[in-house]
2 protein chains.
Amino acid sequence: MSTRAYHHGNLREELLERAERTVVEQGVDALSLRELAREVGVSHAAPRRHFPDRDALLDALAEQGFARLEAQLRAADADDTTPGGAATTGDAFAARFGRVATAYVEFATDHAELLALMFRGKHRPGAEAVAAAADAAFRPLFGLVADGQACGAVAPGDGEDVGVPLFAALHGLASLLTAGVLPAQRRRELVEVVCASALRGAAPR
Amino acid sequence: MSTRAYHHGNLREELLERAERTVVEQGVDALSLRELAREVGVSHAAPRRHFPDRDALLDALAEQGFARLEAQLRAADADDTTPGGAATTGDAFAARFGRVATAYVEFATDHAELLALMFRGKHRPGAEAVAAAADAAFRPLFGLVADGQACGAVAPGDGEDVGVPLFAALHGLASLLTAGVLPAQRRRELVEVVCASALRGAAPR
DNA sequence: ACCTGAACACCGTTCAAGT
DNA sequence: ACCTGAACACCGTTCAAGT
């Protein structure tokens, strides 16, 4: 399988992998289907078999991005150093939320171009896969909110309504950092400030 | 001056105006310099005199967008229906903040593509003009925070640190709405929920 | 000073034809 | 089923030349 077969067999994955690299490194605008095909060593029309057009490839990248984000959030949430397991006190909950928030903002700043692609909206008509991947990525966040309600750190009520302000604060901070509106070197500090404020806003009253 | 003079005289403004329309209506990707020149009735090389390349035009559009946003925020802030003028009580402050927040989110959803362009980051090297326009646009928001501190609705301290969480919550909500992650028809309701939460988080403790 | 027209090197997309 | 090669209609950018 080391010989370059006529039937590549692995073209789709190789295209995605290579495309993500150039998007992360050079931005979406720098992604050319023709150059991509050249890099992979295939004719410029070959990708069409796997991605009908450029937007289809971009949607696939967005979907993959959400999967990465989900994995990163889950890993951060699982990385619980407190002895008792899941957070059951307010302080422990705040620490857990801080870890997930940090992971979210880190993903955003490390993959700014990919994040822009993921939140570009206007995906192709048949893009339920992207929306599904997005929902899955956000689930850890809303699951965390439910746990917060269980331990009394977060006000009761509809989980979405309580979770949206937390979600918005996090995503807004990430977006302002990647846009350069807020200085990237203040990232750690700003995550703490925003988390503290958002958690006060979400606390029972 | 109704005759199409050889020296157009007004080309820069006409290009900007037309470009903004197609960006708002069709998105950044649909903006072609050649088609733009065609629409304005000028050779395809003519725009180069006013915008060295495509990114220069995009930066000019972003700058113009921030100016529009600033005007809209100022108008919303000035539209004070309470008798006594500037807000001096907590309730009045919350109402005032709500108006500005609504204006911000409305601008975002009405000009989603333009907003993406404005917060695209990676502007050209000599893009201090864009950054300056952005700062000016955000000033009403931070001025509002200072007033909130003066009337005791917002915790004291460095204005930026107190303002950033409010800013992040607003921008995050706007971004999630335009991306389609949150449903656009719940806009009014979500603005209220997010504002209430963010203001609780910013309140003195 | 401002604009034109031809030229260059790239695109994305399509489609008959090959294996 | 998967890929190639030529073709089409578009780009952004450059530059000598026109007024």
Side-chain angles (χ1 to χ4, degrees), chain A residues 1-23 25-62 113 117 120 122-127, chain B residues 1-23 25-62 113 117 120 122-127:
Chain A
M1 72 290 208
S2 66
T3 67
R4 284 267 303 95
Y6 179 81
H7 287 74
H8 192 285
N10 202 28
L11 186 53
R12 204 193 121 98
E13 275 65 29
E14 204 167 331
L15 287 172
L16 272 177
E17 193 179 324
R18 202 111 195 178
E20 187 184 271
R21 223 179 50 179
T22 88
V23 164
E25 290 174 0
Q26 329 219 59
V28 202
D29 294 343
L31 183 68
S32 144
L33 287 185
R34 284 181 106 109
E35 193 181 357
L36 196 62
R38 241 177 275 132
E39 289 173 351
V40 174
V42 92
S43 105
H44 67 262
R48 189 157 214 285
R49 203 53 49 172
H50 305 279
F51 305 103
D53 58 17
R54 195 176 183 269
D55 279 342
L57 173 60
L58 261 38
D59 280 352
L61 283 178
E113 287 283 349
L117 185 56
R120 197 173 52 116
K122 56 155 184 155
H123 299 291
R124 296 211 339 294
Chain B
M1 73 287 210
S2 68
T3 68
R4 283 267 303 95
Y6 179 81
H7 288 73
H8 192 286
N10 202 27
L11 185 52
R12 206 193 120 96
E13 275 66 29
E14 204 168 330
L15 287 171
L16 272 178
E17 192 180 323
R18 202 112 194 177
E20 187 183 272
R21 222 179 49 181
T22 87
V23 164
E25 290 174 1
Q26 329 218 59
V28 202
D29 293 344
L31 183 68
S32 146
L33 287 186
R34 285 182 107 108
E35 194 181 357
L36 196 62
R38 242 177 274 132
E39 289 173 351
V40 173
V42 92
S43 103
H44 66 262
R48 188 158 216 286
R49 203 54 49 171
H50 304 279
F51 304 103
D53 58 17
R54 193 176 185 269
D55 279 342
L57 173 60
L58 260 37
D59 280 352
L61 283 178
E113 287 283 349
L117 185 56
R120 196 174 51 117
K122 56 154 185 156
H123 299 290
R124 296 215 335 297

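A note on names: the letters A, B, ... follow the listed sequences, proteins ahead of strands, and every chain is numbered from 1.
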Taken to the nearest whole Å, CD/E14(B) to P/dC3(C) is 11 Å
Roughly how many Å is it from NE2 in H50(A) to C1' in dA1(D), rounded to a whole number?
-> 10 Å
CD of E35(B) versus C1' of dA9(D): gap in Å, rounded?
-> 13 Å
How many angstroms lie between atom CG of L16(A) and atom CZ of F51(A), to the nearest 0.5 angstrom?
-> 4.0 Å
Rounding to 0.5 Å, atoms CG (N10(A)) and CZ (R12(A)) come to a distance of 11.0 Å
In what stems does DNA chain C take part, counting only runs of at least 3 consecutive Watson-Crick or G-U pairs whose two distances fall under 3.5 Å?
-> C:4-8 with D:12-16, C:12-16 with D:4-8
Rounded to whole angstroms, how far apart are CG on N10(A) and C1' on dC2(D)?
-> 14 Å
Please state how far atom CG in D29(A) lies from atom P in dC11(C), giving the value in whole angstrom units.
-> 14 Å
Over how many whole Å does the gap from D55(B) atom CG to dT13(D) atom C1' extend?
-> 13 Å
R54(B) vs dG12(D): side-chain N/O to OP1/OP2 distance below 4.0 Å | yes
Of the nucleotides dC11(C), dT13(D), dT4(D), which one has an atom closest to the side chain of R34(B)?
-> dT13(D)
Closest to the V42(A) side chain: dC3(C), dC3(D), dG12(C)?
-> dC3(D)
Rounded to whole angstrom units, what separation is found between the CG atom of L36(B) and the P atom of dT13(D)?
-> 13 Å
For D53(B) and dC15(D), give me the distance from atom CG to atom P, rounded to whole Å.
-> 14 Å
Can you list the steps and then say if R120(B) with L58(B) is a side-chain contact (heavy atoms from CB on, under 4.5 Å)?
-> CA-CA 10 Å; R120(B) 196 174 51 117; L58(B) 260 37; 4.0 Å; yes
Between the CD atom in Q26(B) and the CZ atom in R21(B), the distance rounded to the nearest 0.5 Å is 9.5 Å
Using a cut-off of 4.0 Å on non-hydrogen atoms, how would the nucleic acid contact of R38(B) be classed: base, sugar-phosphate, or nothing?
-> sugar-phosphate
Determine: side-chain N/O of S32(A) to OP1/OP2 of dG12(C), distance under 4.0 Å, yes or no.
-> yes
Return the 5'-most residue of the pair A45(B), L31(A) with respect to DNA chain C, ranking by each residue's nearest nucleotide.
-> A45(B)
Consider the side chain of H44(A), meaning its heavy atoms from C-beta on, and name the nucleotide among dC3(C), dA7(C), dG5(D) that approaches it most closely.
-> dG5(D)
Is there a donor and acceptor pair, one atom on the side chain of R49(B) and one on the base of dT4(C), closer than 3.5 Å?
-> no
Among dG12(C), dG5(D), dT13(D), which nucleotide sits nearest the side chain of L33(B)?
-> dT13(D)
Counting only heavy atoms not in E17(B), do more than 12 sit closer than 6.0 Å to its CD atom?
-> no
Taking R54(A) for its side chain and L31(A) for its backbone only, find out whether a donor-acceptor pair lies under 3.5 Å.
-> yes
If you take all heavy atoms of L117(A) and H123(A), which pair is closest and at what distance?
-> O-CE1, 3.8 Å
